[in-house]
Amino acid sequence: MEGRRILRLEQRRADLRFPLPDRFAERVANARIDRLARQAKFLAAYLSTGEVLVMHLGMTGRFTIAGGQPGSFHHTTGGALAHDHVVFHMEGGETVTYNDPRRFGFMELWPAEHFGAYPRLKDLGPEPLSNGFSAAYLDRALAGKAAPIKAALLDQSIIAGLGNIYVCEALYRAGISPKRLSRSVPGQRAARLAPAVNAIIAEAIAAGGSSISDFAATDGALGYFQHRFDVYDREGEPCKHCGSIVKRIVQSGRSTFYCPACQR
DNA sequence: GCTTGGACCTGATTGC
DNA sequence: TGCAATCAGGTCCAAG
């Protein structure tokens with residue numbers, strides 16, 4: 001999409017998680033996408049109109065690309081799917097379709113000039129794999145915090161971009177109990193946790209992400225990281241390291257999987 | 001100010 | 001087979 005114009009946008013319902021922008025189709029019609037970027041789990045398309053189209057996949061959102069001229073970037077999909085909510089008709093003939101059964105995703109337009117004030121992005125913490133994220137940063141960010149470390153790692157204002165799966169996997173890799181209070185992590189544990197977070201994210205990206213049930217790349221291919229989970233969704237199975245039984249608990253309403261023997 | 005839990009929504013799976 | 005209950009990758013907001 002980068003460098004191409006959106007010839008026409010087809011909006012098939014009024015809202016996703018939030019209402020779609022007012023006059024959405026009109027505001028993006030004929031706009032060129034000057035730059036496509038990602039921040040944490042947010043996608044940002046900088047438009048030639050001076051607005052930024054912010055997109056989030058929620059839990060079940062996906063983009064698929066179809067059509068186009070022979071020889072151009074082209075993926076075939078299985079045809080029209082239920083829950084195709086927004087279709088971008090691109091210069092060159094491709095269609096880029098946003099599908100999202102649960103509609104936890106969203107799309108918003110925001111002036112590029114004031115993008116720094118965009119509320120959903122302005123309080124994000126540093127991303128794993130960035131210079132701002134390190135054991136020293138964790139020491140500072142977790143100091144004095146009472147919430148369990150599992151909840152702190154899911155907090156996007158502390159670290160941006162980690163979800164439930166990768167938090168479980170990173171804590172296992174670092175040998176830290178998800179129930180441990182955040183304030184007891186700084187020091188040696190943070191020194192193990194920071195590289196564990198980076199390793200999990202890097203490996204997951206290299207494997208093409210995780211497919212629980214409906215994740216897919218733009219060509220419909222599934223991610224493969226889920227074949228490497230050490231603890232996530234492995235309740236009752238033996239720990240790959242020590243053979244103890246992997247446990248599942250609920251923290252802040254989310255499932256946590258961990259090895260009670262390896263993670264202290 | 002910090003933390004937790006419910007809400008948002010549909011579909012797949014499990015258990016009766 | 002059919003139905004109801006439960007659970008799922010994220011974020012926001014109200015209540016405690």
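Side chains of A/Gln251 and A/Thr256: a donor on one and an acceptor on the other come within 3.5 Å. Side-chain N/O atoms of A/Ser48 and A/Asp34 include no donor and acceptor closer than 3.5 Å. Donor-acceptor pairing under 3.5 Å is recorded for the side chains of A/Lys179 and A/Tyr258.
Closest to the A/Arg254 side chain, of the nucleotides B/dT4, B/dT10, C/dG10, is C/dG10. Nearest nucleotide to the side chain of A/Arg248, out of B/dC9, C/dC7, C/dG10: C/dC7. The listed nucleotides are C/dG10, B/dT4, B/dC9; the one nearest the side chain of A/Ala147 is B/dT4. Out of C/dG10, B/dT10, C/dA8, the shortest distance to the side chain of A/Ser255 is found at C/dA8. Residue A/Met59 has its side chain nearest to C/dG9 when only B/dT10, B/dA7, C/dG9 are considered. In the set C/dC7, C/dG9, C/dG10, C/dG9 carries the atom at the smallest distance from any side-chain atom of A/Tyr232. Distances from the side chain of A/Arg102 to the nucleotides C/dG10, B/dT4, B/dT10 place B/dT10 closest.
The distance between atom CD1 of A/Ile158 and atom P of B/dC2, rounded to the nearest whole Å, is 10 Å. For A/Phe104 and C/dC13, the CZ to P distance is 15 Å, given to the nearest whole Å. For the pair A/Leu57 CG and B/dC9 P, the interatomic distance rounds to 19 Å; values are reported in whole Å.
Scanning DNA chain C for stems, defined as runs of 3 or more consecutive Watson-Crick or G-U wobble pairs whose donor-acceptor distances all fall under 3.5 Å, gives the following ranges: B:2-8 with C:10-16, B:10-16 with C:2-8.
Taking the six-membered ring where the residue is Trp, A/Tyr98 and A/Phe63 present tilted rings, their angle falling between 30° and 60°. Taking the six-membered ring where the residue is Trp, A/Phe106 and A/Phe18 present tilted rings, their angle falling between 30° and 60°.
With both ends at atom P, the span from C/dC3 to B/dC9 equals 24 Å, rounded to whole Å. With P as the reference atom, B/dT3 and C/dG9 are 22 Å apart, rounded to whole Å.
Neither OP1 nor OP2 of B/dC9 sits under 4.0 Å from any side-chain N or O of A/His83. One finds no side-chain N or O of A/Gln156 lying less than 4.0 angstrom from the OP1 or OP2 phosphate oxygen of C/dG10. For the OP1/OP2 pair of B/dG1 and a distance below 4.0 Å, the side-chain nitrogens and oxygens of A/Lys145 include no atom meeting the criterion. Within the 4.0 Å cut-off from OP1 or OP2 of C/dT11, not a single side-chain nitrogen or oxygen of A/Arg120 is found.
Annotation: cation-pi geometry satisfied between A/Arg35 and A/Tyr46 (NZ/CZ under 6.0 angstrom from ring centroid, within 45° of ring axis).
Heavy atoms of A/Arg103 sit under 4.0 angstrom from primed sugar atoms or phosphate atoms, though from no base atom. Residue A/Pro119 is classed as having no contact, given no heavy-atom separation below 4.0 Å to the nucleic acid.
In this structure, the side chain of A/Asp155 engages the main chain of A/Ser157 through a donor-acceptor pair within 3.5 Å.
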